[in-house]
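Count residues from 1 along the sequence.
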Amino acid sequence: MIAERATKVKPSPTLAVDSKAKQLKAKGMDVVNFGVGEPDFDTPEHIKEAAIKAIKDGFTKYTPVGGIDELKEAIIEKLEKDNNLTYNKENIVVSCGAKHSLYNIAQALFGPGDEVIIPSPYWVSYPDQVLLNDAIPVIVNTYEEDEFMLRPEVLKEKITSRSKALILNSPSNPTGFIYTENALKEIAEIALKHNLYIISDEIYEKLIYDNEKHISIASLSEEIKEKTIVVNGLSKAYAMTGWRIGYAAGHTEIIKTMTTIQSQSTSNPTSIAQKAAVAALRGNQNCVSEMRKEFEKRRNFLVQELNRIPGVSCKMPKGAFYVFPNISNIFGKKIDKNIINSSMDLSIYLLEKALVALVPGSAFGAEGYIRISYATSMENLSKGIDRISKALEQLI
């Protein structure tokens with residue numbers, strides 16, 4: 001009954017955790033949700049006002065499939081200002097969220113037998129989007145001691161005659177770490193030598209701390225820019241997750257193909273959300289700075305408190321709004337007849353016994369870790385960490 005390609009994929013583990021937490025909350029349970037990758041802030045007022053104006057002005061009809069010119073121009077301005085990247089409107093397509101942009105890229109680039117290199121830990125949708133297009137995800141491990149950056153020698157070992165692309169995500173979901181300029185230069189050199197496309201997911205670009213700097217690999221040279229599709233969106237930086245606006249910038253032929261594919265699936269992104277996105281990109285950026293400062297404060301608190309818990313170690317991430325603590329020292333411990341042998345075991349235990357929802361590292365291809373989102377209030381962070389600490393104290 002079901003197409004074979006559909007049986008290769010599974011539901012998003014992060015959304016599944018969020019759904020389970022909400023089910024328990026609906027039953028009246030006081031669940032602390034560390035699982036969701038969504039800012040807890042409201043969309044800034046000037047962005048909402050732009051959407052309201054669009055509705056009142058009757059801007060509620062179909063738009064061009066790949067986005068209105070005004071938004072494409074705002075994206076071009078942003079890429080030039082923030083990333084030192086120069087594009088024209090034919091290099092830009094606007095989609096229904098960055099996830100949609102990534103899916104369109106997979107549809108446009110990948111086919112049967114193509115190999116797509118994905119560093120682990122990875123965002124949960126990368127391998128499944130590759131599989132949905134009959135291509136092969138090639139998972140490459142990265143290591144905590146390298147701040148989860150891909151080692152050039154390991155990348156070289158994974159490249160074959162069928163290698164088509166490499167997916168990079170910096171700042172990373174789930175680790176929160178970023179790629180340095182030197183690391184990106186080494187990867188770019190390898191990609192050019194082996195004719196690899198690079199899909200650069202930069203959705204957390206504006207959420208970077210400690211005076212670190214985001215560098216887009218596409219900005220390193222004109223040659224690597226030609227082989228890179230930059231993906232970004234409005235969801236994280238502007239607290240616009242529900243508005244569903246993402247975009248991609250890249251080679252004209254790839255963008256044209258993505259737009260054609262989109263014309264046969266969703267057509268245009270929501271007209272009203274596009275107007276809101278223009279206001280976000282061109283408006284006052286203080287809202288982004290304020291959210292970033294609050295996230296940084298939460299990050300500092302969370303890492304400090306996690307490192308106080310016996311059996312848990314957590315490095316300080318440099319971006320996004322996640323920490324990725326190492327919990328492998330807890331494996332083998334038990335409570336009653338239940339033994340904690342995996343990150344999933346621990347996640348289930350903490351949800352059922354401590355009413356804390358988080359995501360096992362195995363969902364991101366990294367056993368021995370858990371992902372905790374600090375896109376929630378300091379009150380929730382304090383409450384959740386206290387519950388985790390007490391629950392782990394009960395393990396023998």
Verify, without hydrogens or angle tests, whether [X] (side chain) and [Y] (backbone) share a donor-acceptor contact under 3.5 angstrom.
| X | Y | answer |
| --- | --- | --- |
| N88 | E90 | no |
| Y349 | I339 | no |
| R5 | N133 | no |

State the CG-OG distance between N141 and S120, to the nearest 0.5 angstrom.
5.0 Å

Drop me the distance from F110's CZ to Q129's CD, to the nearest 0.5 angstrom.
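It is 9.0 Å, given to the nearest 0.5 Å.
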
Any heavy-atom pair between the side chains of T142 and Y122 that's under 4.5 Å?
no

Do the two ring centres, one from F321 and one from Y204, sit under 6.0 Å apart?
yes

Is the distance between the ring centroids of F177 and Y322 under 6.0 Å?
no

Ion pair check, E205 and K78, cut-off under 4.0 Å:
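Salt bridge flag = yes for K78 with E205.
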
For S267 and Q262, test the side chains for any donor-to-acceptor distance below 3.5 angstrom and give the result as yes or no.
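No, because no side-chain N or O of S267 sits under 3.5 Å from a partner of the opposite role on Q262.
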
R387 and A354: which non-hydrogen atoms are nearest, and at how many Å?
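Closest approach of R387 to A354, heavy atoms only: CD-O, 3.0 Å.
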
Minimum heavy-atom distance between D40 and R298, given as atom pair plus value
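That would be OD1-NH1, 2.8 Å.
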
Check the pair Y369, F324 against ring-ring contact (aromatic ring centres under 6.0 Å, His included), reporting the backbone distance first and the verdict last.
CA-CA 6 Å; Y369 297 85; F324 203 57; 4.9 Å; yes

